[in-house]
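Here is the structure we will look at.
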Amino acid sequence: MANNLYITATESRSGKSAITLGVMQMLLRDIRRVGFFRPIISDDTDRKDHDIDLVLSQFYLGLQYHETYALTMRQAKELVNAGQHSLLIEKVMNKYKELESKCDFILLEGTDFEGTSPAFEFDINADIAANLGSPLLMISNACQKTEHEIISSTKLAVESIADKAVDIVGVVVNRTDVADRNALRVALKKTLNKPDLLLYIIPEVAILGKPTMADVMKWVGAEVLYGKDGLGAQVDDIVVAAMQIENFLNYIEQGSLVVSPGDRSDVIVTSLASRQSSSFPDIAGILLTGGISPGKSVARLIDGWTGVPLPVLLGKEATFQTARRLYNMYGKIEPGDQKKIASALGVFEESVDTDELRQRLNTRKSTKVTPQMFEYSLIEKAKKHRQHIVLPEGNDERILRAADILLRRGVVDLTVLGDPRAISSMTSQMGLNLSGVNIVDPAKSPDFAEYVETFFELRKKKGVSKEVARDTMVDPTYFGTMMVFKNQADGMVSGAINTTAHTIRPAFQIIKTKPGASIVSSVFLMCLKDRVLVFGDCAVNPNPTAQQLAEIAISSAETARIFGVEPRIAMLSYSTGDSGAGGDVDVVIEATRIAREKVPGLLLEGPLQYDAAIDPDVGAKKLPGSQVAGRATVFIFPDLNTGNNTYKAVQRAANAVAIGPVLQGLNKPVNDLSRGCTV
């Protein structure tokens, strides 16, 4: 049974880090403890290895940097040149075994092929994979290659690897730019003539290979003078401003990097002004050369320009040397660059049959659920059952950034409510791409009059006039709720700006509760280090009755089951079993009785103290023989005061991720957010 996988490229700039991200995400869906290991890293000891830093920052693996590699390339070559090849393998294996003891599966990544010895790197990657008994996933670089060149180079690499007695599980042909990828796949299958070999074709994605302004800054060692928030802007081409302004403007394109001596005040001012003009494409930024900062008057002008619309960098070298250096620049997926990471994950998921790859690896599955596994299972479910979600808070930056990520991952279809011009301006400044989002101004929507009429009919018995209905429907939360009611959206998510009351009130008035539900309640999905718990109700009902508490427990059990958490329900109180008495305890006892009566066979226990519910040792002492005590997964709090404070305490003290509140009991899905929510 395989417990590792070795990813190796055949040459430099193959997009290996993007494939590594995709495979790591795939593994974390099923495996609790996944390790990451690079046997040999580059020689730059002043900085962390790029791919190790990327993986450790993107995925919580619980590993220290020094655990994730064995040798530098210089050290590896010295050992081989000294005739100590076996010692090199021994050092790699020893370091690997130290990591293996902590993990259920290890993803290994080979060398970068950026040195002068590609043959050495090819051989050493194959040798390490063979000695570790690791199946190998090979990446073939198709960038700027014809179909014939892709087939030829891939065939040569596969045959060369096969000669080294390595088990090749599959080949990823990455960065392809051919007219018919399916035809290429058929031709490759025929040429390779290996029926059991997995083969995936991934297209070139411009955003992954092209640099950002942050990459430019690092590449030339520049400092940021203005516009630090815009360093994520993608650079599509380079324009050296050596002409008069009239001619220079004809050469700028979308995403241009303008390179100019720092004393060309006319170029600086014109370039900044071009970003404010709808008649010219948006340039990515300006790089000033020669170590010359803008003159005092120009600096004063820029300093008084509210919100400089693009980054301005200052480099030390002269214009010609800078241009030569930029010619060899290429983009990387930097840690924390969620735009590129989301794009990489999206194209990987679209192009690679992860179910097929997982089955081939035949990995062990853990019974525990980590936050990473939970998150990826949500993404996977959402993509398989793609829904249309309306986000009414289009003026919130977090909502727009989340929309950008969700689109890149291909998770949902989205409608964002707000002023299209204002949203377009915000997305431009933040460097987001919401071209696939339906942006709607409620008051200008063609459905507005119909929505007003519907709301009037629903609420006229409550004294709502047509004028009030019209004023109400301008509110994005009411408009979004009506979209869900009218089946023009499958669900709504709000609350980043609005209060819980403002999010839920329109749902009460328009959507109402589902048959058999007397109340709307909520749960938080609490993602701890090695498990996911369900806390309810922590957001809606201040002092539920015994009947309501029972209903909350039953609804929460069903919500837990939907999200893949086996419900074992603890009805919480300040006493366990019959150890205490009082009105508050009596409510929990009665709620437990009602819930058991309504749903026989439900694994439910109450009253329970929190420690008896979560700690096996305490549970065994306080309530021996219980199927829930010490093993609870769903925690029902007796009131809002207790529940809200407890979830926040656990969130902060245990560094847990709290997803929610997830609303339950409505006819159709409307969901609330905490106003402190992250993207």
CG/D263 to CD1/I292 distance, rounded to the nearest 0.5 angstrom?
4.5 Å

Between CG of L287 and OG1 of T289, what distance do you get to the nearest 0.5 Å?
7.0 Å

Are side-chain heavy atoms of K145 and S153 found at a separation under 4.5 Å?
yes

Does atom NZ (K383) have a neighbourhood of more than 12 heavy atoms from anything else shown, all under 6.0 Å?
yes

Apply side-chain hydrogen bond (donor to acceptor under 3.5 Å, both in side chains) to the pair D112 and H50, showing each step before the final yes or no.
CA-CA 10 Å; D112 295 326; H50 172 272; over 6 Å; no

Does any part of the side chain of R175, heavy atoms only, come nearer than 4.5 Å to the side chain of R13, both counted from C-beta?
yes

Min side-chain heavy-atom separation V34-C103 under 4.5 Å
no

Set out, in order, the CA-CA distance, both residues' side-chain angles and the distance that settles salt bridge (charged side-chain N to carboxylate O under 4.0 Å, His left out) for K218 and E334, then state yes or no.
CA-CA 11 Å; K218 294 176 183 177; E334 293 296 336; 3.4 Å; yes

Hey, what do you get for CD1 (I168) to OH (Y6), rounding to the nearest 0.5 Å?
13.5 Å

Ignoring hydrogens and angles, tell me if any N or O in the side chain of Q429 forms a donor-acceptor pair with the backbone of M426 under 3.5 Å.
no

Under 3.5 Å, side chain of Q254 to main-chain N/O of D282, donor-acceptor pair present?
yes

Please check if any side-chain donor atom of E356 sits under 3.5 Å from a side-chain acceptor atom of Y200, or the reverse.
yes

Please lay out, stage by stage, how S14 and N174 fare under the test side-chain hydrogen bond (donor to acceptor under 3.5 Å, both in side chains).
CA-CA 7 Å; S14 60; N174 196 28; 5.9 Å; no

If you compare all heavy atoms of V166 against all heavy atoms of A129, which two are closest, and at what distance to 0.1 Å?
CG1-CB, 4.2 Å

Side-chain heavy-atom pair I19, V352 within 4.5 angstrom cut-off
no

Let me confirm one number: the CG-OG distance from L156 to S140, rounded to the nearest 0.5 Å.
10.0 Å

Answer yes or no: is there an ion pair linking D215 with K340, defined by an N-O contact shorter than 4.0 Å?
yes

Mark yes or no for whether N81, through its side chain, and K77, through its backbone, hold a donor-acceptor pair below 3.5 Å.
yes

D237 side chain vs E253 backbone, donor-acceptor pair below 3.5 Å
no

So for atom CG, which belongs to D266, do other residues, nucleotides or ligands contribute more than 12 heavy atoms lying within a distance under 6.0 Å?
yes

Result of checking L21, D337, I333, T20 against Q58 for side chain to side chain contact (heavy atoms under 4.5 Å, CB included)
L21

Is the shortest heavy-atom distance from the side chain of L188 to the side chain of R185 under 4.5 Å?
no

Hey, which of T111, D49, T68 is the one that makes side chain to side chain donor-acceptor pair (under 3.5 Å) with R38?
D49

Holding to side chain to side chain contact (heavy atoms under 4.5 Å, CB included), I want the full list of residues that pass it with K381, two or more places apart in sequence or in another chain.
none

Side chains of residues 404-416: which donor-acceptor partners sit under 3.5 Å, not counting sequence neighbours?
unit_1, atom_1, unit_2, atom_2, d
D404, OD1, R408, NE, 3.3
D404, OD1, R408, NH2, 3.4
D404, OD1, N433, N, 2.9
D404, OD2, R408, NE, 2.8
R408, NH1, S343, OG, 2.7
R409, NH2, Q25, OE1, 2.4
R409, NH2, E349, OE2, 3.0
D413, OD1, R386, NE, 3.1
D413, OD1, R386, NH2, 3.0
T415, OG1, H388, NE2, 2.7
T415, OG1, N438, ND2, 3.4

Salt-bridged, E223 to K316, with N to O below 4.0 Å?
no

Would you say the side chain of L54 lies within less than 4.5 Å of the side chain of F59, judging by non-hydrogen atoms?
no

Answer yes or no: is there a donor N or O on one side and an acceptor on the other, between the side chain of T176 and the main chain of I202, under 3.5 Å?
yes

Considering residues, nucleotides and ligands other than K194, do more than 12 of their heavy atoms fall under 6.0 Å from its NZ?
no

Which atom pair, heavy atoms only, marks the closest approach of G133 to P135?
O-CD, 3.8 Å

For the NZ atom on K91, are there more than 12 heavy atoms of other groups (residues, nucleotides or ligands in this structure) within a distance under 6.0 Å?
no

Is there a donor-acceptor pair under 3.5 Å between the side chain of S117 and the backbone N or O of F120?
no

In terms of side-chain geometry, is the basic nitrogen of E380 or R358 positioned less than 4.0 Å from the acidic oxygen of its partner?
yes

Nearest atoms (heavy-atom pairs only) where P39 meets V92
CB-CG1, 3.8 Å

Honestly, is K48 close enough over Y65, meaning NZ or CZ under 6.0 Å from the six-membered ring centre and within 45° of the axis?
yes

Whether over 12 other heavy atoms sit under 6.0 Å from H66 NE2
yes

Side-chain contact test, heavy atoms from C-beta onward, threshold under 4.5 Å: evaluate it for Y69 versus I40 and give yes or no.
no

Between T212 and A233 (side chain of the first, backbone of the second, donor and acceptor by atom type, cut-off under 3.5 Å), is there such a pair?
no

How many angstroms lie between CD1 in I283 and CE in M213, if you round to the nearest 0.5 Å?
8.5 Å

Would you please name every residue forming a side chain to side chain contact (heavy atoms under 4.5 Å, CB included) with A241, sequence neighbours left out?
F248, V258, S260, V267

Should T154 and V173 count as side-chain neighbours, where that means a heavy-atom distance under 4.5 Å?
yes

Taking 4.0 angstrom as the limit, do R74 and D43 come out as a salt bridge?
no

